[in-house]
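Notes for the one structure printed next.
Start at 1 with the first residue, then count along the sequence. Predicted model only: the values in this text are computed from it and were never measured.
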Amino acid sequence: QVQLVESGGGLVQAGDSLRLSCGASGRTLSLYIMGWFRQAPGKEREFVAAISRGGGNTQHADSLAGRFTISRDNAKNTLYLQMNALKPEDTAVYYCAASTLALATPSARGYPYWGQGTQVTVSS
């Protein structure tokens with residue numbers, strides 16, 4: 001089974017940029033579609049972005065208005081989330097997820113494998 005570990009979170013100021021990483025082990029990353037999700041205190045987990053196995057197709061939540069970009073480097077077995085112009089409302093625990101589904105999906109129910117999450121806190 002694939003194991004996922006997120007890294008790169010931390011405390012930043014509004015307007016800053018941050019890049020999250022998700023390292024995979026146990027299985028080759030190219031076998032999986034990948035997604036990023038986030039969960040703020042008191043709120044439900046929400047979709048951030050998803051990417052196809054080869055990286056040719058991506059999906060991003062409309063509410064993020066192009067500030068976030070998902071990418072992957074299969075040779076390094078790593079998934080990335082580039083976050084620009086961060087806002088306090090972006091504060092949340094960010095999770096990466098993997099699935100053997102053929103097509104990328106924004107539904108968390110489609111992803112059976114999850115990392116432990118990394119905290120992103122944006123101050124004003």
Partners passing ring pair (Phe, Tyr, Trp, His ring centres under 6.0 Å) against Tyr80 (at least two apart in sequence or in another chain): none
Test side chain to side chain donor-acceptor pair (under 3.5 Å) applied to Ser17 - qualifying residues, sequence neighbours left out: Asn84
Under 3.5 Å donor-acceptor, Thr69 side chain and Gln82 backbone: no
Pro106 to Phe37 - nearest heavy-atom pair and separation: O-CE2, 3.4 Å
Expected output: side-chain Thr105 to main-chain Ser107 donor-acceptor under 3.5 Å: yes
All N/O donor-acceptor pairs, side-chain side in residues 44-60, below 3.5 Å, sequence neighbours left out:
| unit_1 | atom_1 | unit_2 | atom_2 | d |
| --- | --- | --- | --- | --- |
| Glu46 | OE2 | Arg38 | NE | 2.6 |
| Glu46 | OE2 | Arg38 | NH2 | 3.2 |
| Ser52 | OG | Gly55 | N | 3.4 |
| Ser52 | OG | Gly56 | N | 3.2 |
| Ser52 | OG | Asn57 | N | 3.1 |
| Ser52 | OG | Asn57 | O | 3.4 |
| Gln59 | NE2 | Ala104 | O | 3.0 |
| His60 | NE2 | Ile70 | N | 3.0 |

Flag if over 12 foreign heavy atoms under 6.0 Å of CD, Glu89: yes
Results of side chain to side chain donor-acceptor pair (under 3.5 Å) for Tyr111 - residues two or more places apart only: none
Residue pair Trp36 / Leu79, side-chain heavy-atom distance below 4.5 Å: yes
Within one Ile-Leu-Val-Met-Phe-Trp-Tyr cluster: Val122 and Leu11, side-chain cutoff 4.5 Å: no
Plane angle bin for Tyr113 and Tyr32 - parallel if under 30°, tilted between 30 and 60°, otherwise perpendicular: perpendicular
Minimum heavy-atom distance between Met34 and Ala98, given as atom pair plus value: SD-CB, 3.5 Å
Exceeds 12 heavy-atom contacts within 6.0 angstrom, atom CG of Leu103: no
Gln119 vs Thr91 side-chain heavy atoms within contact, under 4.5 Å: yes
Parallel, tilted or perpendicular: rings of Tyr95 and Trp114 (30°, 60°): perpendicular
Glu6/Leu20 under side-chain contact (heavy atoms from CB on, under 4.5 Å): CA gap, chis, key distance, verdict: CA-CA 7 Å; Glu6 302 94 336; Leu20 304 183; over 6 Å; no
Qualifying salt bridge (Lys or Arg N to Asp or Glu O under 4.0 Å) pairs with a residue from residues 56-75, counting only residues at least two apart or across chains: Arg67-Asp90
Taking every non-hydrogen atom, the tightest pair across Leu29 and Asn77: N-OD1, 3.0 Å
Arg27: partners by salt bridge (Lys or Arg N to Asp or Glu O under 4.0 Å), with sequence neighbours left out: none
Exercise: identify the closest heavy-atom pair between Pro88 and Ser124: CG-CB, 3.9 Å
